[in-house]
Amino acid sequence: MPSLKKGHWSATEDKLVLELHLRHGSDWKGIAAAMNGARDHKQVRERYVNHLDPSINHDRFSIEEERALVKWNKIEGPQWAVFARRMRNGDGFRRTALQVKNFFHRTACRKNKRQKDAPMEQQAAVDERPNYEGRSGASSTQNVRGEEKPRGRIKSLMNIRNLLN
DNA sequence: AAAATATGCAACCGCCACTGC
DNA sequence: CGCAGTGGCGGTTGCATATTT
């Protein structure tokens, strides 16, 4: 059995994953197996969900999205995946959790640089989030039918549209 | 032009929840 | 009920590229 490949994906691998996804759907284990074990199921899933899925919106984040994300983070905490699923544009294209997470981090970094005096205040704001109970379980997932399935600790799931108002 | 530093993106890692046995 | 396998997630890290010195 070949050893697990690491690092960046080639165009050939991407194409293969896309083809296999058509046949196997979200059976990542099956897709990984069909790739002769070169990548494991977690790598395959990550690659597809974050980059290859045709419904991904690859445009830059708008000001509205940035505002919504900042607001969302204050209220719900770092639930990037939930935010990403709700952040669909008019054409139905969505953001990925990775995009949201990276965007938030770099935005936060920029702001930290701009106002180096205020990191403590920012942290305090995070601690005051009413519905945030820490990392564990503070997210939701989807069942096989794609329905949103709360993991138990989310007290409220606001529609992202409301955040934009 | 070269070196140093900053920035952004993508992949890795470990944990948690769900499911089936 | 307990366990193993799998999927999903957020945090962290590393690399490539851009910018600054």
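Chain identifiers are assigned alphabetically (A, B, ...) following the order of the sequence lines, protein sequences preceding nucleic acid strands; residue numbering begins at 1 within each chain. Worth saying up front: this structure is predicted, and the values here are computed from it rather than measured.
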Could you tell me whether a side-chain N or O of A:D40 sits under 3.5 Å from a main-chain N or O of A:K42, the two making a donor and an acceptor?
-> yes
Please answer whether the main-chain N or O of A:L20 pairs with a side-chain N or O of A:H24 as donor and acceptor at a distance below 3.5 Å.
-> yes
Side-chain contact check for A:K29: nearest option of B:dA10, B:dG8, C:dT6 is C:dT6
Which of residues 5-17 of chain A sit near DNA chain B, with a heavy atom under 4.0 Å from it?
-> A:K6, A:G7, A:H8, A:W9
Of all of residues 42-56 of chain A, which get a heavy atom below 4.0 angstrom from DNA chain B, listed by number?
-> A:K42, A:Q43, A:E46, A:R47, A:H51
Gap separating the [atom1] atom of [X] from the [atom2] atom of [Y], nearest 0.5 angstrom:
X     : Y     : atom1 : atom2 : answer
A:Q43 : A:M35 : CD    : CE    : 8.5 Å
A:R39 : A:E46 : CZ    : CD    : 11.0 Å
A:W28 : A:R45 : CH2   : CZ    : 7.5 Å

Looking at A:R95 and A:E65, does any basic side-chain N land under 4.0 Å from a carboxylate oxygen?
-> yes
Do A:E19 and A:K15 meet the salt-bridge criterion of a basic N to acidic O distance under 4.0 Å?
-> yes
Between [atom2] on [N] and [atom1] on [X], what's the gap in Å once rounded to a whole number?
X      : N      : atom1 : atom2 : result
A:L98  : C:dG8  : CG    : P     : 16 Å
A:H105 : C:dG14 : NE2   : C1'   : 16 Å
A:R106 : C:dA16 : CZ    : P     : 20 Å
A:N102 : C:dT13 : CG    : P     : 14 Å
A:H41  : C:dA4  : NE2   : P     : 16 Å
A:R60  : B:dG8  : CZ    : P     : 8 Å
A:D27  : B:dT19 : CG    : C1'   : 14 Å
A:F83  : C:dC9  : CZ    : P     : 15 Å

Can you check whether A:F93 reaches A:D59 side chain to side chain, under 4.5 Å on heavy atoms?
-> no
Taking only the side-chain nitrogens and oxygens of A:R85, find out if one of them lies under 4.0 Å from OP1 or OP2 of C:dG8.
-> no
Does A:W80 have a side-chain nitrogen or oxygen under 4.0 Å from the phosphate oxygens OP1 or OP2 of C:dG8?
-> no
Contact class for A:D40 (heavy atom, under 4.0 Å): base, sugar-phosphate, or nothing?
-> nothing
Look at all strands and tell whether A:K101 reaches a base, only sugar-phosphate, or nothing, counting heavy atoms closer than 4.0 Å.
-> base
Report, as yes or no, whether the 6.0 Å neighbourhood of atom CG on A:L22 holds more than 12 heavy atoms from other residues, nucleotides or ligands.
-> yes
